[in-house]
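What you are looking at is a predicted structure, and each value in this text was computed from that prediction instead of being measured. Throughout, a chain's letter reflects where its sequence line sits, starting with A, and its residues are numbered from 1.
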Amino acid sequence: MNPDSLSDEEILAALARQDLRALEMLYDRYSKVAYSLAYRIVGDHGSAEDIVQDAFLAVWRQANKYRRDLGAARSWLLAIVHHRSIDRLRSSASSGNHVPIDELPESKDEAPDPWQQVWSDLRGDVVRKALGSLPNDQRKSIELAYFSGYTHVEISQLMGVPLGTVKGRLRAGLLKLKALLDRQNLGAAPA
Amino acid sequence: MTDQEHTAELAAAYALGAVTPEEAAEVGAHIASCSSCRDEVNNFRKLARLLPLACPQAVPSPDVKSRLMAMAGQEGVSAHRPRHRSSVSARASRFHFSPTRPALWLASAAAAALVVGGALSFNGMAQRASSARHLSAMQAEVAAMQREDLHLKAAAAANHHIVAAVITGNVWDMRGGAQARRWHCVVIQPPHGAHAMILAALPQIPKGMMYQAWLKHKGTMHSVGMLPAQRGAVIEMPMQVERGDMVAFSVEPSAGSKAPTSPYLMEHTLS
Ligand SMILES: [Zn+2]
């Protein structure tokens, strides 16, 4: 198999047949972004490596049960990495209020996924810059939510602002992010 | 959540996973039957999925791939053997945090920080305190507090050290916020090559979490130590600080993290 020629979906199908080469392809394609995400969340290389290894193993074990209408393979993989990283981060704290994103129901009738473009262009720096150019309060709110696993109630406590303000900042921040990425033709398609 | 209410207010928080399980259930039930809210949530979710790309790039060691392929290969030949745990628990011991070594006197100095932070509100510490006027004013204030607080009698020696450091060294003020979110925090660089200190009384954070202080010194980020919320504390930093260094605080599990896992809730460049 030519590593570049297979789509994620074809890789998943091969994984379901327990084809080790498919696992290697998936790893080569996404291990870096998976590891970067895990390390960004847990802040520790050893833990990040464990999480990435476990996440790929989970995909390997469950590929035959995965319903493709739930979304792209990389979304699934990264959702597992995100979920496990937040769990790891919070395991030494007592707050168990986090809702793992991969358990959230997902609609199949989505507009084209901007990921594909971003991914193929390897334009991570665009997203990084877009996030970095958000107003400080909006960026911090999004980071506390997504990378640190706090609920909007906890964020309101951490930032010392009312709940409504936090919800507003998360919303405004994502909308601004979309506008910034749209300008680069990277944003989500209009609703 | 009724049809009339919709989920607009929570859609972004939900897409980012920043809702309680109860709220998630409510939103989930609502978007199952409301297509406009479902579209909105899905659009936010697409944006949330881009966030992994915003992480600084890091590369796992080649060992990870070797281990993964070996484990998957083993499972392939006997597909239904019981799941074995990965090396997580064995390697968890690698994740430990070494707190900065507190000097002996620091143990009793937390009370002193409360005096400085609470009673003086770090008055006059904003500038580098170098005048004799400052010295006597601060000594008088601390002495007054000592008379009122039994704990501080035990910490008298510590006060002495801190006051001396304040008077003779460099002091940077990191106060900020209002009322319940008030930050009381100063960074002190005592003279004669001693390590820097942080005196702080910091606002509430979620249960089980602590503040972790970080120092960017000559371009390198160092973990400086852990501070509890809502009570005065003093930590000795692992080195001296100088102008241009940055001191920052993130919120971490109480064992501490090797790199910040939350954005900085407070940061200050020493000028
Ligand atoms: Zn609705």
Salt bridge check: are Glu24(A) and Lys65(B) linked by an N-O gap of less than 4.0 Å?
yes
Going by heavy atoms in the side chains, are Met237(B) and Leu215(B) under 4.5 Å from each other?
yes
Assess the side chains of Tyr30(A) and Asp8(A): does a donor N or O sit below 3.5 Å from an acceptor N or O?
yes
If you tally heavy-atom pairs under 4.5 Å between each of Leu158(A), Leu175(A), Leu170(A), Ile142(A) and chain B, the highest tally belongs to Leu158(A)
Side chains of Glu40(B) and His6(B) only: does a donor on one sit below 3.5 Å from an acceptor on the other?
no
Sort out for me which of Gln157(A), Glu143(A), Arg139(A) touches chain B most, counting heavy-atom pairs under 4.5 Å.
Gln157(A)
In terms of heavy-atom pairs under 4.5 Å with chain A, which of Ser36(B), Cys55(B), Ala13(B), Ala12(B) leads?
Cys55(B)
Side chain, backbone, both or neither: which part of Tyr27(A) has a heavy atom under 4.5 Å from chain B?
side chain
Short N-O contact, Arg84(A) and Asp50(A), less than 4.0 angstrom:
no
Examine whether an atom of Ser61(B) lies under 4.5 Å from a heavy atom of chain A, and if so say whether it belongs to the side chain, the backbone or both; otherwise answer neither.
both
Given that the side chain runs from C-beta out, which part of Ile41(A) has a heavy atom under 4.5 Å from chain B: side chain, backbone, both or neither?
backbone
Heavy atoms only, distances under 4.5 angstrom: which of Ala11(B), Pro56(B), Ala229(B) has the most pairs with chain A? Name it, please.
Pro56(B)
Arg128(A) versus Leu53(B): any side-chain heavy-atom pair under 4.5 Å?
no
Do Glu252(B) and Ser257(B) pair up side chain to side chain, a donor and an acceptor below 3.5 Å, judged on atom types alone?
yes
Among Pro260(B), Ala259(B), Ala32(B), residue most engaged with chain A (heavy-atom pairs, under 4.5 Å)
Ala259(B)
Which region of Phe56(A), side chain (C-beta onward) or backbone (N, CA, C, O), has a non-hydrogen atom less than 4.5 Å from a non-hydrogen atom of chain B, or is it both or neither?
both
